[in-house]
S.K.: 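Just passing along the structure, written as C-alpha cells.
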There are 2 protein chains.
Amino acid sequence: MDTASADSAQSAYALGAVTVASSPQERFSEYLQSKGKRITQQRRILVDHVFERHDHFDADELIANLSRSQQECEEGRKVSRPTVYRTLNELVEAGLLRRMTLSGRSVYEHDYGYPQHDHLHCTKCDKLIEFQSEELKQLRQAVANEHGFRVTGHRLIVSGICEPCGRNRHRGKSPLDLI
Amino acid sequence: MDTASADSAQSAYALGAVTVASSPQERFSEYLQSKGKRITQQRRILVDHVFERHDHFDADELIANLSRSQQECEEGRKVSRPTVYRTLNELVEAGLLRRMTLSGRSVYEHDYGYPQHDHLHCTKCDKLIEFQSEELKQLRQAVANEHGFRVTGHRLIVSGICEPCGRNRHRGKSPLDLI
DNA sequence: ATGGGTGCAAAGTATTTGCACAAGC
DNA sequence: GCTTGTGCAAATACTTTGCACCCAT
C-alpha cells in the first residue's frame, strides 16, 4: 500500500506507547548470527515489509505486497516465493513472528515487542480482532499445573460473527473488510 | 488395534457416565436424511470406526485403521480415500466431529455427546490432553460482548511439554506416546 | 429405476527441496 | 575463497474434484 517507513525501523522500534531497544532488523540479525546464518538483502527486505505495519498476513499477501512496492521503488532485488517461506520460518524460529493456522493456511503476526494476545475470528469476513486477557494466563497456568504440564504458549481463537457482519447478514466477504 | 466393539454403538451410546438417547449412527442418519443424502455401507463403516474409541485422529490414521480391520474381518467393502475425506466433512457438518488444525493437517475428535473441552498439546510427542474450564466460557463471552461479537465457538490449545516428556527430555517422538 | 455415492485418477493448493549460480563474511 | 543463500522448477503433502459405474431408496 505505502512504502513510506520502509527504513524507519533502523534504531529504536516504536510500538504504541512502548519502545524497545532493538528493532526487528537488529533482533533478527542477532538470531541469524547466533545461528551462523547471513544477513542478506532479501531477509532485510522481508523484515522491513513484515514489520512496516502491524497486521495479520499470510505468505501470499506478503508476496503481493512485495511485488507491489518493487514496481514503485526500485528496491534492487526481488524476493522469490521459496525465500519468503524460508524467511517466514526463520522469523518464527527467531521469535519475531507468531504463526497461526486458520483453516489450512498459515497466518502470521508480530510476536516481538508486541504483547501476548488472542483473537476473535469472524467466520464471515475472516477479520481478526485482537484482545488480551490476564485471566486467561492464570487459567492456562492452573490447568497446566493440574496435569504436570510445562506451558510454553497458547493459542485461543474465539470464532463467531463480528459486529459489522452481524448487521449486514446477507453479504459475504467484502473487499472493505480488510484484516 | 482391536475390532471388538465395531457394532456396539447400535442403540444407546454410552459415554463415560453419560448415556445419550441416539448413537452416532442414528444421529448421522438423521442428518443425512434431512439433507436428502443416503446411508451407505461406507458411511456406516466410517462412523463405526470413528466412534469406536474416543481419541484424536487424522484422515491418514483413520484410513490406516480401516485397512487394518478390513484385513482381519471381511467387512465386505473397503472405503476409498476420497470417501473418507468426504465423510469426515459431512461428520463435521453434522456436528458429530470437530475439526482442529494442528500444524497443517486436520485432526478430528468427537463432538457429539461429548462435552466441550480444550487441549494441552505436547510439542514433543504431539499428545493431546483434554481439559474443561467453566471460567473459559465466561471469559470468552465477556470478551465477545466488549466487541459486539456473536460467539459460535472457540478453540484453545495450550502448548508445552507433557509430564512424561518432561522427564525423558532426551527422547523424541516415541511409538509409546499414542495420541 | 433413478439420482445420489463411490472409486479411481487427476487436479488443486500451500509449502518444501535439490541444484546451479550468486553473494555475504 | 569458501560457505551459505537464492531462484528456479520440480517435488511433496494433504485434500478436493470429474467422471463412469454402482447402489440405496
Side-chain angles (χ1 to χ4, degrees), chain A residues 25-26 28-50 56-67 70 75-94 97 99-108 126, chain B residues 25-26 28-50 56-67 70 75-94 97 99-108 126:
Chain A
Q25 288 289 3
E26 291 167 339
F28 193 38
S29 298
E30 266 177 46
Y31 167 81
L32 290 173
Q33 286 173 345
S34 78
K35 292 277 183 180
K37 295 182 167 190
R38 292 173 182 174
I39 300 161
T40 62
Q41 288 258 2
Q42 290 82 334
R43 284 176 177 154
R44 248 193 292 261
I45 293 171
L46 284 172
V47 174
D48 268 351
H49 278 259
V50 162
H56 305 85
F57 64 93
D58 62 22
D60 269 331
E61 285 168 352
L62 179 54
I63 290 164
N65 185 334
L66 280 170
S67 14
Q70 273 159 34
E75 290 237 26
R77 196 179 314 273
K78 73 179 170 60
V79 184
S80 70
R81 176 180 289 272
T83 296
V84 169
Y85 278 106
R86 284 187 275 236
T87 306
L88 284 174
N89 286 335
E90 290 165 343
L91 286 168
V92 170
E93 269 181 45
L97 288 185
R99 194 202 318 271
M100 222 173 338
T101 312
L102 229 53
S103 67
R105 59 166 39 67
S106 286
V107 178
Y108 299 86
D126 263 346
Chain B
Q25 288 289 3
E26 293 167 338
F28 193 38
S29 299
E30 268 176 45
Y31 167 81
L32 290 173
Q33 287 173 345
S34 79
K35 292 278 185 178
K37 297 183 166 190
R38 292 172 183 174
I39 301 161
T40 63
Q41 289 262 358
Q42 289 83 334
R43 284 177 177 152
R44 249 194 293 262
I45 292 172
L46 284 171
V47 174
D48 268 351
H49 279 259
V50 162
H56 305 84
F57 63 94
D58 63 22
D60 269 332
E61 285 169 352
L62 179 53
I63 290 165
N65 185 335
L66 281 170
S67 14
Q70 273 158 32
E75 290 235 30
R77 196 182 313 275
K78 72 179 172 58
V79 185
S80 70
R81 177 178 286 273
T83 297
V84 169
Y85 279 105
R86 284 187 276 235
T87 306
L88 284 174
N89 286 334
E90 290 165 343
L91 286 168
V92 170
E93 270 181 44
L97 288 183
R99 195 201 317 271
M100 220 174 338
T101 313
L102 227 55
S103 65
R105 57 163 43 63
S106 286
V107 178
Y108 300 86
D126 264 346

S.K.: Using the side chain to side chain donor-acceptor pair (under 3.5 Å) criterion, which residues pair with A:Thr101? Sequence neighbours excluded.
M.R.: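 Listed in chain order: nothing, the list is empty.
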S.K.: Report yes if at least one side-chain N or O of A:Gln42 is closer than 4.0 Å to OP1 or OP2 of C:dA22; otherwise report no.
M.R.: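 No, A:Gln42 has no side-chain N/O under 4.0 Å of OP1/OP2 on C:dA22.
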S.K.: Provide, to the nearest angstrom, the distance between the CD atom belonging to B:Glu61 and the C1' atom belonging to D:dT15.
M.R.: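 Going from B:Glu61 (CD) to D:dT15 (C1'), I get 16 Å.
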S.K.: End-to-end bend of the helix from C:dA1-D:dT25 to C:dC25-D:dG1 (five-pair axes, 10° rounding)?
M.R.: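 Computed from the C1' atoms at both ends, the axes differ by 30°.
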S.K.: Choose from D:dT25, D:dC8, D:dG5 the nucleotide whose nearest atom is closest to any side-chain atom of B:Ile39.
M.R.: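 The answer is D:dT25, which lies nearest to the side chain.
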S.K.: Excluding sequence neighbours, so at least two apart, what forms side chain to side chain donor-acceptor pair (under 3.5 Å) with A:Glu93?
M.R.: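 In terms of side chain to side chain donor-acceptor pair (under 3.5 Å), with neighbours along the sequence ignored, A:Glu93 is linked to A:Tyr31.
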S.K.: Output the distance between atom CG (B:Leu62) and atom OH (B:Tyr85), rounded to the nearest 0.5 Å.
M.R.: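 The CG atom of B:Leu62 sits 10.0 Å away from the OH atom of B:Tyr85.
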S.K.: Not counting sequence neighbours, list each pair that qualifies as a salt bridge (Lys or Arg N to Asp or Glu O under 4.0 Å) and has a residue in residues 79-91 of chain B.
M.R.: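 Passing the test, one end in residues 79-91 of chain B: B:Lys37-B:Glu90, B:Arg43-B:Glu90, B:Asp60-B:Arg81.
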S.K.: Would you kindly give the CD-to-C1' distance between B:Gln41 and D:dA24, to the nearest whole Å?
M.R.: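 For the pair B:Gln41 CD and D:dA24 C1', the rounded distance is 10 Å.
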S.K.: Take atom CD of B:Glu90 and atom P of D:dT15, then tell me their distance rounded to the nearest Å.
M.R.: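 Atom-to-atom, B:Glu90 to D:dT15, this comes out as 16 Å.
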S.K.: Excluding sequence neighbours, so at least two apart, what forms side chain to side chain donor-acceptor pair (under 3.5 Å) with A:Arg105?
M.R.: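 Side chain to side chain donor-acceptor pair (under 3.5 Å) list for A:Arg105, sorted by chain: A:Asp58.
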S.K.: D:dG7 phosphate, OP1 or OP2: any side-chain N/O from A:Thr83 under 4.0 angstrom?
M.R.: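 It does, given that an N or O in the side chain of A:Thr83 lies less than 4.0 Å from OP1 or OP2 of D:dG7.
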S.K.: Report yes if a side-chain nitrogen or oxygen of B:Thr40 is closer than 4.0 Å to either non-bridging phosphate oxygen (OP1 or OP2) of D:dA24; otherwise report no.
M.R.: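 No.
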S.K.: Do B:Arg99 and B:Asn89 have side chains that approach each other closer than 4.5 Å (heavy atoms only, starting at C-beta)?
M.R.: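 A side-chain contact under 4.5 Å exists here.
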S.K.: Looking at residues at least two apart in the chain, or sitting in another chain, which of them share a side chain to side chain donor-acceptor pair (under 3.5 Å) with B:Glu30?
M.R.: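 None.
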S.K.: In residues 28-38 of chain B, which ones come under 4.0 Å of DNA chain D, going by heavy atoms?
M.R.: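 Hits under 4.0 Å, by residue number: B:Arg38.
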S.K.: I'd like to check B:Leu46 versus B:Leu66 (side-chain heavy atoms, cut-off strictly below 4.5 Å). Are they in contact?
M.R.: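 A side-chain contact under 4.5 Å exists here.
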S.K.: Quick one: are A:Ile39 and A:Gln33 in side-chain contact, heavy atoms under 4.5 Å?
M.R.: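 Yes, close enough: below the 4.5 Å cut-off.
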S.K.: Measure all distances between protein nitrogen or oxygen atoms and nitrogen or oxygen atoms of nucleotides 12-18 of chain C, and list the pairs falling under 3.5 Å.
M.R.:
from	atom 1	to	atom 2	distance (Å)
C:dA14	OP1	A:Arg105	NH2	2.1
C:dT15	OP1	A:Ser106	N	3.1
C:dT15	OP1	A:Ser106	OG	3.3
C:dT15	OP2	A:Tyr85	OH	2.7
C:dT16	OP2	A:Asn89	ND2	3.4

S.K.: Under the ring-ring contact (aromatic ring centres under 6.0 Å, His included) test, which residues partner B:Tyr108, sequence neighbours left out?
M.R.: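 Partners of B:Tyr108 by the ring-ring contact (aromatic ring centres under 6.0 Å, His included) criterion, ordered by chain and then number, come out as B:Phe57.
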S.K.: Would you mind reading off the distance between B:Leu91 atom CG and D:dT15 atom P, rounded to a whole angstrom?
M.R.: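 Atom-to-atom, B:Leu91 to D:dT15, this comes out as 15 Å.
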S.K.: Any side-chain heavy-atom pair from B:Val92 and B:Leu88 closer than 4.5 angstrom?
M.R.: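 Side chain of B:Val92 against side chain of B:Leu88, heavy atoms only: no contact under 4.5 Å found.
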S.K.: Using whole Å, what does the distance between atom P of nucleotide C:dG7 and atom CD1 of B:Ile63 come to?
M.R.: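 The answer, rounded to whole Å, is 11 Å.
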